[in-house]
Amino acid sequence: MYRYIIKRVLLLIPILIAVSFIVFFIVDLAPGDSIDAVFGNELSTEDKETMREEMGYNDSLLVRYARYIGNVFKGDMGMSVLFKKPALELYLNRVPATLKLAFWGIFIALIIAIPLGVISAIHQNTFIDTLSTILGLLGMSMPSFWFGLLMIILFSLKLGWLPSFGNEGRGSIIMPALTVGVGQAALLMRTTRSSMLEVIRQDYIRTARAKGVKEGVVIYKHALRNALIPIITAAGTQLGIALGGTVVVESVFAWPGVGKLTIDAFNARDTTLVVGCLILTTALSSVLMMFIDIIYAFVDPRIKARYSR
Amino acid sequence: MSEPILQVKKLNKYFKTKRGLLHAVDGVSFDLEFGKTLGVVGESGCGKSTLGRTIIRLLEPTGGEIYFEGKDITKLKGKALINFRKNIQMVFQDPFSSLDPRMSVGQIIAEPINLHKLAKDKEDVERRTLELMDTVGLAQRWYGSYPHQLDGGRRQRIGIARALALKPKMIICDEPVSALDVSIQAQILNLLKELQETRNISYLFITHDLSVVYNFSDDIAVMYLGKLVEKAPAEELFRNPIHPYTKALLSAIPVPDINKKRQRIILEGEVFSPINLPDECRFRARCNLRFDMCAKHEPELKEVEPNHFVACWANN
Amino acid sequence: MVKEKLVLEINDLVVNYETDNGTVHAVNGINLKLKQKQSVGIVGETGAGKTTTALAILNLIPQPTGIIKNGTIIVDGKNMLTISESDLRMMRGKGVSMIFQDPMTALNPVFTIGEQIAESVRIHEGVSNKDAMQRAIEMLEIVGIDKDRAYDYPHQLSGGMKQRVVIAIALACQAKLLIADEPTTALDVTIQAQVLELIRSYREKYDTAMILITHDLGIVAETCDEVAVMYAGVIVEYGTLEDIFNRTKHPYTEGLFNSLPNIIERRSKLTPIPGMVLDPTILPDGCVFADRCSYVIDTCRTTFQKDIAVSDTHIVRCSRYQEPGFNIKRMIA
Amino acid sequence: MKGLRKERGSSGFWGEVLKEFKKNKGAVTGFIVFSLIVLVAVLAVFLLDYKTQITKINIPEALQPSSWKHPFGTDQFGRDILNRILYGAHYSLLIGLCAVTISTAIGSMLGIIAGYFGGLVETIIMRTMDVISPIPSVLLAICIASAFGQSLISLMLAVGIVTVPAFARVARASVMSVREEEYIEAAKAIGASDINIIVKHVIPNSLPPILVQATMRVASAIIVGSSLSFLGLGVPAPKPEWGGMLAQGRSFLNTSTNMTLYPGLAIMITVLAINLIGDGVRDAMDPKLKR
């Protein structure tokens, strides 16, 4: 088990290096640079050019990348031109807010999705099932930013119950977390339902019933435990998506997380910060995915056996 | 005695697995006469299906030689391999997964005809296909149907028609009736027998069902963990089984006859997987007569009576 | 006749499945009685309704497609179809228990085998977790599995061992009636012999009544006292082993015997039953076997003969049986 | 228990899928709604004049509530919201359909090659996918969209490229399961070549999961596309892309709910229709989930 975790962590390193190169390459394709964006009107063309020369902007892509990755290994992810601070420090300052949002979102999603999905599956083709299927479809089809805006109109502007932006103040997490959570709840509910339907038909469920096990125990002990595996997978993927996808929600609610930082960096063509943000977010979501994989082992002994080999 | 149609010499097929080398087929040798049937019996995992697939070269042999009509076919490649396959065909176990669900019955049977360009034109293809359907007793009205609309027996007839399309001299039957009900099983067995009589086809008949193989085969080879342990003419094998495994296997068959009571030998333990076998008799762990030699070396297949071969130290 | 206490009494059971392709008539009016110690083999081909009958006894027909249209099923004096949910649960596993066909899927992959056996004990014997586990370990030893394996998960066991665990679950609470649904079909012959021997010795010890469902007449010959031959949801012939094997009366039973490759006498050609199994969505007016029967006459196609008692123990459903001089030509070795 | 249906020459797999699909009320509704949206999108492009009816600024009529003249009201420049939504339909549809076409074509080709041949080819393809897929897709799409400049095409490319790994995975898994089937062995045994087997047996049989994935992805591509526009990285203003319209509405949440409400509703209805179709396609192709 420990060997497996170590192996996974080591595997992460080459992937992240490759990711960083791709990101570096794509960002480099974008027209304009941070010097134009930040000093566009203040400095003359010549001054900007000498500045580029000094900062090594005119070297070839590979040279710049090698320099960058070399520094990264020394713990230096470069300075943000926009904020004039180290990119790593900026990122780390913002991470807690994003994690808070992503985790609350997924938490809301799970507490809505699992009971609803289970009920839906065991009452297949009844009114409850149809209703939750429709709700699920609606939730999945609704753009999250729109849902966020509608909530702002209702709860902040019309009713004045909740703050419409920021991470401060009472209840400020409620609307952003709901925005992240509702769409994911819809997806997770569908996964739960189909996974439960699959499991309920299995022979071992019949074996449990034939033993005289109570129906509730059959569902929540025998069936759900098996159905959890695809649910965990889906929840893990959703968490990964949430980390990157909070960009939009953070923008709607002016939530001071890494998504908003990335967008600000983008708009300022702050390449160093953009690359840093992308690499760090990728790393973060990869590490989370790894934890999800490890959780499997506790749910499914077959997977545990595979790991310990 | 005429030249055998198929000769297999010391054939090996090993698979690499995480836990070591799996000896699926391990030094198997036998001859199959023209127009005759050799039954290969054994329990699941003994390598009988791998043997069939290696002979028809769906799997690459790890070692040994295969001769078809005296010609070495062990290393055939490309066109030569495709041409060789016209002579030797296969009927598969699972009538569900061995037919492409997207193709109609007609298309499935016509596929080999089209691939080898055996027909002059489209009409000729259709005529031949319908002829083949007649041969295997499949009504023409199924021509445009799809496999899932047919029951197991009819599907197995499609598989047989497909194999016959190339007019092969030999067919490898891999458990062709084990997925079928008894009444349908008898229909298919009779069909295969009829085809052998009219077309002089040789069969390698792979099965786990001893009563089927007894009824169907001229000779029977018993396989255990990748190795042949006994081979003899059918009547001889059933009357006079020598290897302790064969004895146990025969005694374990439930007989649908209440007038004859038999003594049953119940074997201990389970069939092992043939991974990383030590040099000892591979049946030793479950055997009821263990000699010193059994732990030291693997016994070879020896002729103990005319045409009756056994691999057991008790008979050496 | 003295009225003996019956372990099982099935009266006129009718079960349908409502599917997208129409109503499948799985079981069409069967009657069955079983005394203590007695064992009945239900023989028939795929789709004959054997498993449906077994599941109906436990009131476990898959919902919502499966519908018990008619009939009563009385196990040990209780009607399984009308008793309360909690009584039904107490009957399952204690009154009737079942060995399922496919050991690969019948065990829950996320619980240890010991736990799965113990669960049954806990429910029915009302004992503590520890005692239930102790009992589970005893059961494992009875079915020939080392007690150290109690904390193994199903995937760590071979097919034969899994089937032993399934049997251990079924036997754990000494049910009065044991239903074995093709208990050895998924197993190799040598393992099949072990498993049948295990079931036999257990029944001898506890006088358990058993229904054995199989398609293999050989297994019936070796393990049962009486035989019910099923075709298209109907018992077409019922009798003792002697009745069915040596005094065969129904053409379908005859056909089954003649289709079998025999290892006692080697025949060059088998005599199959012509045609295919009946489409279960269409129930004919006449005899269900008429289409494939070589003795068919016009009345067979219009009316379906009710049970005829050949003797005290032997029942047949064939209208031609009453004709003077009618006899089937079964080849008996 | 399989019913033995005895019709001659029935319609085959696709015919049955169509029959199943038609039985599904939700899917048929989704299909009808989607067809209407497509029709509206096409008509709007031809019948509405871009200069006078879509982008012309008319300050006196700014921020009007719903009325007979302007059923959905007007925006801050006095432009009719309904007209803009109708005209904007084709952007979202194009983004959804083109992006998915790009990713299906590239992704499933890579997946099929990887799945059938295995070995080194598979390793190279799948490792490349492993490198792309951990990057959060919205962020990657933002990256690509800004790299190619702000335009409809770059948006399509961005949304398309980020889903390539998903398609490659689905296609590979599908091919690998088909490759294990006995009919592939049977085809080899009758002398079919690799190309023959891929074209005649592997592709037709691995298609269903890819198609299901593709339908579902059109829906999510539309959402991702409009998200990017919402963030200001997609179709540039004054083109009436729905996500972009929503972004503008943000500044007028207090004064004009219409500007936020209707474009979002349009996105939702379109996506909902496609999701209904997707569910229908999945249920029709996957007999396992039925009953």
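Below, chain A is the first sequence line, B the second, and so on; all start at residue 1.
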message: I need the residue from A/V23, A/V19, A/V248 with the largest number of non-hydrogen atom pairs under 4.5 Å to chain D.
response: A/V19
- line: Closest non-hydrogen contact found for D/D130 with A/I15 is O-CG2, 4.1 Å
- request: Evaluate the side-chain proximity of D/F230 to A/S251: yes if any heavy-atom separation is below 4.5 Å, no if none is.
  value: yes
message: Report which part of D/I222 has an atom under 4.5 Å of a heavy atom belonging to chain A: side chain, backbone, both, or neither.
response: neither
task: Could you have a look at D/P136, D/G232, D/G264, D/A273 and say which one has the most heavy-atom pairs with chain A under 4.5 angstrom?
output: D/G264
query: Is there a side-chain contact between A/M140 and D/D279 (heavy atoms, below 4.5 Å)?
result: no
- line: Interatomic distance, OG1@D/T257 vs CD1@A/I153, rounded to 0.5 Å, equals 5.0 Å
- prompt: Around D/F252, counting heavy atoms of other residues, nucleotides and ligands shown, do more than 12 lie under 6.0 Å from its CZ?
  reply: yes
- request: Determine whether more than 12 heavy atoms belonging to other residues, nucleotides or ligands lie under 6.0 Å from atom CD1 of D/I153.
  value: no
field: Interface residue of largest heavy-atom contact number with chain A, from D/S137, D/A219, D/S226, under 4.5 Å
entry: D/S226
- prompt: Of the backbone (N, CA, C, O) and the side chain (C-beta and beyond), which part of D/I274 lies under 4.5 Å from a heavy atom of chain A, both, or neither?
  reply: neither
task: Determine whether A/I26 and D/L140 make a side-chain contact, defined as any pair of heavy atoms from C-beta on separated by less than 4.5 Å.
output: yes
message: Among D/A247, D/S220, D/A147, which residue has the highest count of heavy-atom pairs closer than 4.5 Å to chain A?
response: D/A147
- prompt: Should the heavy atoms of other residues, nucleotides or ligands under 6.0 Å from NZ of D/K23 be counted, would the total exceed 12?
  reply: yes
message: Using every non-hydrogen atom in the two residues, find where D/N275 and A/S141 come nearest and quote the distance to one decimal.
response: ND2-OG, 3.0 Å
- request: With rounding to the nearest 0.5 Å, note down the distance linking CD1 in A/I152 to CG in D/N254.
  value: 11.0 Å
task: Determine whether D/L246 and A/F145 make a side-chain contact, defined as any pair of heavy atoms from C-beta on separated by less than 4.5 Å.
output: yes
field: D/L233 side, atom CG; A/F266 side, atom CZ - distance, nearest 0.5 Å
entry: 7.0 Å
query: Looking at A/T281, A/T262, A/V252, which has the largest count of heavy-atom pairs under 4.5 Å with chain D?
result: A/V252
task: Under 4.5 Å heavy-atom distance to chain A, tell me which part of D/S227 shows up: side chain, backbone, both or neither.
output: both
- prompt: Would you call A/I263 and D/I142 a side-chain contact if the rule is heavy atoms closer than 4.5 Å?
  reply: yes
field: Side chain, backbone, both or neither of D/V138 within contact of chain A (heavy atoms, under 4.5 Å)
entry: side chain
statement: Interatomic distance, CE@A/M142 vs CD1@D/I223, rounded to 0.5 Å, equals 9.0 Å
field: Flag if over 12 foreign heavy atoms under 6.0 Å of CZ, A/F24
entry: yes
field: Inter-residue atom distance D/M268.CE - A/L137.CG, 0.5 Å rounding
entry: 10.5 Å
- prompt: Roughly how far, to the nearest 0.5 Å, is CG of D/L139 from CD1 of A/I279?
  reply: 12.0 Å
